[in-house]
There are 2 protein chains.
Amino acid sequence: MIAKELTIGELSERSGVPSSALRFYERQGLITSRRTAGNQRRYHRTTLRRVAFIRASQSVGMPLSVIGGVLGFLPEDTPPTREFWLRASACWSEEINARIEKMERMRDRFTECIGCGCLSFEQCVLVNPGDALAEHGPGPRRLIEP
Amino acid sequence: MIAKELTIGELSERSGVPSSALRFYERQGLITSRRTAGNQRRYHRTTLRRVAFIRASQSVGMPLSVIGGVLGFLPEDTPPTREFWLRASACWSEEINARIEKMERMRDRFTECIGCGCLSFEQCVLVNPGDALAEHGPGPRRLIEP
DNA sequence: AGTTGACTTCAACCTTGGTTTAAGTACGAG
DNA sequence: CTCGTACTTAAACCAAGGTTGAAGTCAACT
């Protein structure tokens, strides 16, 4: 038989991701599907990998928008190359490391600040944080420009 | 003169926090106010400290619900003791450290997983994360039971 | 051919941490 | 007392990442 396509139910069961979430991912452009004559979705088998990548990336804290950006480099109907995985991995690691460092700085400042009892609006970096909410980084440059 | 109470505008200006946010904090029970005959809010001066604590805690990633839990131990009309600050600091540091460790584990698993190319639903811890979304920890035990 | 279960869409709803807006009321300076 | 500014409320809205439900259609088994 020719490579079997998956219905949304099958993809859902095999990935453990609810159909509603899969439809949501598709609306967001993270996955794509063919439609049958009756307007039902049929997924290429490689979509399983894409979904796995999405969930794994989410589990390390990546927002869907960024994941989508990276998946844009992955051709829809071919299995991802080993190189893709390696670059994605490097990219995520970098992001995670940046976040860890930021949290470490925060923790140290907090302890310091509390320790000296200075919690006031004029002096304290924590209370008037400049970079505290600067979450919108440049994203996966490494993957975009290999 | 007797210890001056603050209007919401004064509290807002002195803390740098918009009035809308202060009203929101009050609805959430994080701060309290007396009302004038005309139904306007008047804040005790110590509220400035509470607000500072709220913003500092937010800046290290604490959700308002948890901050509220901790502030529950701080009497409304007296300035916070040094001991309170120290315990709160210890409490937050612990939380932050836990989050950092979790992210480090995630990063390592991700690299490992990607490195071996195993990104599949049955084997991969990342794809079926047990603790990935276990954000609802026991909260500030250390402060509750000193 | 009929029935059942899986599929379709759209819209409403959830949480967190607020902001914005409208309509109305209070406070304080002059 | 009047005027302008500051205050009050409720309700609607934003982002993310979906879930839930209603109403209707498709696919497949018998």
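Owing to the predicted nature of the structure, the values given are computational and were not obtained by experimental measurement. Here is the naming used below: chain letters follow the sequence lines, and residue numbers restart at 1 for every chain. Hydrogens, waters and symmetry mates are skipped; everything else that's a heavy atom, side chains included, is used.
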Problem set entry | Results of salt bridge (Lys or Arg N to Asp or Glu O under 4.0 Å) for B:E10 - residues two or more places apart only | B:K4
Exercise. With A:Q58, which residues qualify under side-chain hydrogen bond (donor to acceptor under 3.5 Å, both in side chains), at least two apart?
Worked result: A:Y25
Exercise. To the nearest Å, how far apart are A:E26 CD and D:dG17 C1'?
Worked result: 16 Å
Seminar exercise, completed: Per nearest nucleotide of DNA chain D, the residue lying toward the 5' end, B:E10 or A:F24, is B:E10
For this session: Between D:dT20, D:dT8, D:dG17, spot the one nearest the side chain of A:P63, thanks.
Result: D:dG17
Exercise. Is there a side-chain contact between B:L11 and B:L48 (heavy atoms, below 4.5 Å)?
Worked result: yes
Exercise. Of all residues at least two apart in sequence or in a different chain, which pass the side chain to side chain contact (heavy atoms under 4.5 Å, CB included) check with A:E104?
Worked result: A:I100, A:E101, A:R107, B:I100, B:E104
Exercise. Quick one: are A:E5 and A:H44 in side-chain contact, heavy atoms under 4.5 Å?
Worked result: no
Exercise. Which comes earlier along DNA chain D counting from the 5' end, the contact point of B:T7 or that of A:Y25, where each point is its nearest nucleotide?
Worked result: B:T7
For this session: Identify, with sequence neighbours excluded, every residue that meets side-chain hydrogen bond (donor to acceptor under 3.5 Å, both in side chains) alongside B:R45.
Result: none
Problem set entry | A:R42: salt bridge (Lys or Arg N to Asp or Glu O under 4.0 Å) partners, not counting sequence neighbours | none
Exercise. Looking at side-chain heavy atoms only, is the closest gap between A:M103 and B:N97 below 4.5 Å?
Worked result: no
Exercise. How would you list all residue pairs meeting salt bridge (charged side-chain N to carboxylate O under 4.0 Å, His left out) that involve residues 17-32 of chain A, not counting sequence neighbours?
Worked result: A:E26-A:R41
Problem set entry | Non-neighbouring partners of A:N39 that pass side-chain hydrogen bond (donor to acceptor under 3.5 Å, both in side chains), sequence neighbours left out | A:R35
Problem set entry | Range on DNA chain C touched by chain A - first to last nucleotide, heavy-atom distance under 4.0 Å | C:dC7 to C:dT9
For this session: For B:S12, enumerate each residue passing the side-chain hydrogen bond (donor to acceptor under 3.5 Å, both in side chains) test, keeping only those at least two apart in sequence or located in another chain.
Result: none
For this session: Would you indicate what A:R41 reaches in the nucleic acid, counting non-hydrogen atoms under 4.0 angstrom: base, sugar-phosphate, or nothing?
Result: sugar-phosphate
Exercise. In residues 27-34 of chain B, which ones come under 4.0 Å of DNA chain C, going by heavy atoms?
Worked result: none
For this session: Give the B/S/- string for nucleotides 22-30 of chain D, one per nucleotide from 5' to 3', where a protein heavy atom under 4.0 Å of the base yields B, of only the sugar-phosphate yields S, and otherwise -.
Result: ----SS---
